[in-house]
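First up is the structure itself, then whatever we jot down about it.
Numbering starts at 1 and runs along the sequence shown. Just so we're clear, the structure is a prediction, and the values are computed from it rather than from any experiment.
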Amino acid sequence: MTGTAFTPRVFSGIQPSGGLTLGNYLGALKRFVDMQDADTHECVFCVVDLHAITVWQNPEDLTRQTREIAAAFLAAGIDPAKAILFNQSQAPEHAQLGWLFSCIARMGWMRRMTQWKDKAGKNSEEASLGLFAYPALMAADILVHHATHVPVGDDQKQHLELTRDVAAKFNHDYGVDFFPITEPVIGGPAARVMSLRDGTKKMSKSDPSDMSRINLSDDADAIAQKFRKARTDPEPLPDSYEGLKDRPEARNLVDILAALQDRTPEDVMSEVAGQGWGQFKPHLAEVAVETMGPITAEMNRLLADPAEIDRILADGAERASAIAAPILARTFDIMGMVRRA
Ligand code: AQP
């Protein structure tokens, strides 16, 4: 942390690049709601549409997905009276600070990002410049709100480290103590929910296989079928969590159950030790349906009134800009930009 006292403030975002997965829900959304309800921080949550377009998005799909993600935030328990909820493109300070930060961040830092390597793959010459520069915009999303804490899944850890590097380099280069060194909030059994088809890959909304993930929009039958077909080894569950160390698929399912029930995986294991998959998987599906069913139903109810979602997002964008505009203006001053009279 720097010496300056910053208002405790949480920022986090989700890309409208597809429907939400159980990984997004357990690793991010559920924890956003917990932080909002703890009432210890101001909370700013964002549907990061500018990030989504780093890969091609059909315009109609982008509009629909943006409303769907906003509805998911609300259905999961984000209360617009307590927290700010908006879509990134509507608070222009994000993109503006993003440009300033792309002049602070170094090419070498970006090249080291594993998400860049994964998403660009072998075809990096054809990837968008935005996909490469994505972490500079993410740093801007966080720092334009002087956010002190960012709850994210484990996959975003490296980007958070880069955000801290950007803040530290800016503060150092300009001899100021202006941007906070943001703390990541990562942890719990759902910090990295893995694919149901491959225990070494994270569950992702853009995975080509729909069987690899539980979508927030899946009905009870789809959830039961996906867990039934989830890849596991043939062994029954061991006596302790420790025994799952080299069994990534099995551990993933235990972790999911623990996260859904707000329990530790060790506690779950004390109940399910020795069970075969024929017993464990239907139980897991039942718990998932019980938890997700009401959220999906509420999401669908909210989506029937898109004008109300748009109103909530517009109000959120105004409140987000009210925080971000003075921080951006001060950044311009520090960098020596002449202000319009
Ligand atoms: N599998 C996961 N386990 C735990 N947390 C996860 N998150 C994503 N996948 C998992 C967390 O969800 C938040 C929003 O993620 P995002 O939409 O901004 O993008 P992402 O991390 O790239 O997620 P996806 O599902 O893999 O999207 P695509 O496929 O579009 O790239 C973040 O806090 C993330 O950590």
Side-chain angles (χ1 to χ4, degrees), residues 14 18-31 33-34 68 72 75-77 153-155 186-300:
I14 298 187
L20 285 184
T21 70
L22 183 64
N24 298 130
Y25 173 68
L26 293 174
L29 256 191
K30 185 171 186 298
R31 299 172 58 236
V33 176
D34 291 344
E68 275 174 16
D154 186 59
D155 61 314
I186 302 172
R192 184 178 283 256
V193 176
M194 307 311 275
S195 157
L196 301 181
R197 308 302 303 162
D198 178 350
T200 63
K201 260 173 62 185
K202 75 161 188 160
M203 184 180 285
S204 171
K205 56 174 116 69
S206 57
D207 190 311
S209 163
D210 192 57
M211 292 302 284
S212 70
R213 60 177 166 264
I214 304 288
N215 303 302
L216 227 54
S217 56
D218 285 342
D219 62 19
D221 287 345
I223 293 175
Q225 196 207 21
K226 286 178 179 180
F227 278 128
R228 195 168 55 245
K229 299 217 160 158
R231 198 171 143 191
T232 43
D233 51 52
E235 300 299 314
L237 283 155
D239 288 343
S240 68
Y241 189 59
E242 190 53 24
L244 291 171
K245 198 155 57 71
D246 299 318
R247 298 173 60 186
E249 281 91 9
R251 193 179 60 226
N252 187 38
L253 296 186
V254 169
D255 284 345
I256 291 175
L257 181 59
L260 283 167
Q261 295 186 314
D262 271 326
R263 296 164 70 187
T264 63
E266 289 80 6
D267 186 33
V268 166
M269 279 308 294
S270 67
E271 190 179 291
V272 302
Q275 282 187 10
W277 296 110
Q279 190 180 359
F280 180 85
K281 284 178 171 179
H283 174 55
L284 173 59
E286 207 176 291
V287 173
V289 170
E290 257 168 37
T291 313
M292 319 256 295
I295 297 173
T296 307
E298 176 62 2
M299 223 175 113
N300 291 335

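In this structure, CG on N24 lies 13.0 Å from CD1 on I214, to the nearest 0.5 angstrom. Going from atom CG of L284 over to atom CZ of R228 covers 12.5 Å, rounded to the nearest 0.5 Å. Remark: R231 CZ to M194 CE distance equals 12.0 Å, nearest 0.5 Å. With rounding to the nearest 0.5 angstrom, the CD1 atom of I223 is 12.0 Å from the CD atom of E286. Between atom OG1 of residue T232 and atom CG of residue L253 there is a gap of 7.0 Å, rounded to the nearest 0.5 Å. Between atom NZ of residue K202 and atom CZ of residue R192 there is a gap of 7.0 Å, rounded to the nearest 0.5 Å.
Judged by distance alone, with hydrogens and angles left aside, the side-chain atoms of N300 form no donor-acceptor pair with the main-chain N or O of A297 at under 3.5 Å. In this structure a side-chain-to-backbone donor-acceptor pair under 3.5 Å is missing from N215 to D218. Of the possible donor and acceptor atoms, one in the side chain of R247 sits under 3.5 Å from a partner among the backbone N and O of E235. Remark: the backbone N or O of L237 is not paired with any side-chain donor or acceptor of W277 at under 3.5 angstrom. The backbone N or O of K245 sits less than 3.5 Å from a side-chain atom of R251, completing a donor-acceptor pair. Distance alone, capped at 3.5 Å, is enough to place a donor-acceptor pair between the T296 side chain and the L216 backbone.
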>> side-chain contact (heavy atoms from CB on, under 4.5 Å), that's the test. Do Q275 and H283 meet it? Break it down for me.
In response: CA-CA 11 Å; Q275 282 187 10; H283 174 55; 5.5 Å; no
>> For T264 and D267: C-alpha separation, side-chain torsions, deciding distance, then whether side-chain hydrogen bond (donor to acceptor under 3.5 Å, both in side chains) applies.
In response: CA-CA 5 Å; T264 63; D267 186 33; 5.0 Å; no
>> Please determine whether side-chain contact (heavy atoms from CB on, under 4.5 Å) holds for the pair L257 and F280, giving the CA-CA distance in whole Å, both sets of side-chain angles, and the decisive distance to 0.1 Å.
In response: CA-CA 10 Å; L257 181 59; F280 180 85; 3.6 Å; yes
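Inter-residue side-chain proximity for Y25 and V193 is flagged as unmet; no heavy-atom pair is nearer than 4.5 Å. L22 is not listed as a side-chain neighbour of R213, based on a closest heavy-atom distance of 4.5 Å or more. Side chains of M269 and P238 form a contact here, defined as non-hydrogen atoms less than 4.5 Å apart.
When all heavy atoms are compared, the tightest approach of K229 to R197 is O-NH1, 2.6 Å. Closest approach of A285 to F227, counting heavy atoms only: CA-CD1, 3.8 Å. Summarising the geometry of M203 relative to G23, their closest heavy-atom pair is SD-N, 3.7 Å, with the distance given to 0.1 Å. Nearest heavy atom pair, residue E266 against residue Y241, reads OE2-CD2, 3.5 Å. Scanning both residues, D255 and P265, for their nearest heavy atoms gives OD1-CG, 3.7 Å. In plain terms, the two heavy atoms of A72 and L20 that are nearest each other are CB-CD1, 3.4 Å.
A salt bridge is defined here as a Lys NZ or Arg NE, NH1 or NH2 lying under 4.0 Å from an Asp or Glu carboxylate O, and K226 with D210 meets this definition. Salt bridge status for D207 with K201: present, with a side-chain N to carboxylate O gap under 4.0 Å. Taking a cutoff of 4.0 Å between a charged side-chain nitrogen and a carboxylate oxygen, R263 and E271 qualify as a salt bridge.
Residues D198 and T200 have side chains that bring a donor and an acceptor to within less than 3.5 angstrom of each other.
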